[in-house]
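Since the structure comes first, as structure tokens, the remarks are kept for the end.
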Amino acid sequence: WARLGLCWPTVQELWIGAAMCGALIGFAFIVGTVWQSLTSPDTFDQQTQLSQLIAQGVDTLTFAVIVAGGAAIGEEIAFRGALQPVFGLWPTAIFFALTHIQYTFTPATLIIFGVALGLGWLRRRYNTTTSMVAHFLYDFSLLALSLYAHYAQQAFGAFTIR
């Protein structure tokens, strides 16, 4: 457990994980906004279509918790717990981004790389458990927002999110 950086999180580490989640969502929003302003609407839609399909596969908050929890636990133990102490922050972040290549090489890859750096910094500064908290909150927040947008679109008909 100690070698992987796993421990019971303190209240402070929970707050730090939540703060990092907010920072990472802000980073993703900024990169996405710049990306959308630099590309045509058709190109942007094509590049984000796969990630939208993945999010649409999550149809309940319970499933969002399961997906976010599985990703947070599995990926943080593997990448931040096992690989980062051996290979370092930057190579592990690059490898993490490459394993999420279902998004193809788009600015989404930059977002994932930025998220990996943030989570890796948490592991280096605190522990793997803190990065796990941030990862869970990040994934769950985005899935829950996507689910909420889907239900809002159904309720309001022509309501669209771009």
Side-chain angles (χ1 to χ4, degrees), residues 16-81 83-84 87-124 128 130-162:
I16 290 167
M20 179 58 80
C21 167
L24 294 175
I25 288 174
F27 169 74
F29 177 78
I30 290 168
V31 171
T33 301
V34 170
W35 170 24
Q36 187 173 10
S37 71
L38 296 176
T39 62
S40 71
D42 289 338
T43 301
F44 183 81
D45 289 343
Q46 289 172 353
Q47 291 176 338
T48 58
Q49 192 174 30
L50 183 56
S51 59
Q52 290 171 347
L53 287 172
I54 292 168
Q56 289 173 359
V58 177
D59 57 357
T60 66
L61 284 177
T62 302
F63 192 45
V65 167
I66 292 167
V67 169
I73 292 168
E75 291 179 356
E76 292 310 304
I77 289 173
F79 288 97
R80 259 56 73 185
L83 295 177
Q84 184 172 313
F87 297 105
L89 174 63
W90 289 87
T92 304
I94 291 168
F95 185 55
F96 182 82
L98 291 175
T99 62
H100 290 78
I101 208 67
Q102 71 266 22
Y103 303 114
T104 69
F105 283 112
T106 67
T109 307
L110 173 64
I111 292 170
I112 297 299
F113 179 68
V115 167
L117 287 175
L119 296 173
W121 178 83
L122 283 178
R123 163 56 162 116
R124 180 182 283 174
T128 303
T130 305
S131 64
M132 204 179 288
V133 168
H135 192 153
F136 170 78
L137 292 173
Y138 178 83
D139 285 355
F140 178 75
S141 297
L142 295 180
L143 289 170
L145 285 171
S146 176
L147 185 60
Y148 174 76
H150 175 72
Y151 286 134
Q153 187 175 12
Q154 284 182 334
F156 298 111
F159 179 73
T160 59
I161 294 180
R162 293 196 43 66

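For the single chain, residues carry numbers from 1 onward in sequence order.
Rounding to the nearest 0.5 angstrom, the gap separating the CD1 atom in Ile73 from the OG1 atom in Thr128 is 12.5 Å. The structure places CG of Leu119 at 6.0 Å from CG of Leu24, a figure rounded to the nearest 0.5 Å. Atom-to-atom distance recorded for Thr60:OG1 and Leu143:CG is 10.5 Å, nearest 0.5 angstrom.
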Test Thr99 against Phe79 for side chain to side chain contact (heavy atoms under 4.5 Å, CB included), laying out the working first. CA-CA 11 Å; Thr99 62; Phe79 288 97; 3.6 Å; yes
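When all heavy atoms of Cys21 and Ala134 are compared, the closest pair comes out as CB-O, 4.0 Å. The minimum heavy-atom distance between Ile25 and Ser141, with the atom names listed, is CD1-CB, 3.7 Å. When every heavy atom of Asp139 is checked against every heavy atom of Ala71, the shortest pair comes out as OD2-CB, 3.5 Å. Closest of all the heavy-atom pairs between Phe96 and Ala116 is CD2-CB, 3.4 Å. Ile111 approaches Tyr138 most closely through the heavy-atom pair CG2-OH, 3.8 Å.
Remark: Tyr148 pairs with no residue by the side chain to side chain contact (heavy atoms under 4.5 Å, CB included) rule, at least two apart or across chains. Residues passing the side chain to side chain contact (heavy atoms under 4.5 Å, CB included) test with Leu89 are Gln84, Leu117, Arg124, sequence neighbours excluded. Applying the side chain to side chain contact (heavy atoms under 4.5 Å, CB included) criterion to Ile16, with sequence neighbours excluded, gives Gln12, Leu122, Tyr126, Thr130. The side chain to side chain contact (heavy atoms under 4.5 Å, CB included) search around Thr33 returns Phe29, not counting sequence neighbours.
The list of side-chain hydrogen bond (donor to acceptor under 3.5 Å, both in side chains) pairs with a residue in residues 68-80, not counting sequence neighbours, reads Glu75-His100, Glu75-His135, Glu76-Arg80, Glu76-Ser131, Glu76-His135. The stretch residues 18-32 participates, sequence neighbours left out, in no side-chain hydrogen bond (donor to acceptor under 3.5 Å, both in side chains) pair at all.
Without hydrogens or angle criteria, Ser146 side chain to Leu142 main chain gives no donor-acceptor distance under 3.5 Å.
The side-chain heavy atoms of Leu147 and Phe63, taken from C-beta on, include no pair separated by under 4.5 Å. Proximity of Phe140 to Leu61: side-chain heavy atoms (C-beta onward) are separated by under 4.5 Å at one or more points.
By the 6.0 Å contact criterion, CZ on Phe95 is open, its count of non-hydrogen atoms from other residues, nucleotides or ligands being 12 or less.
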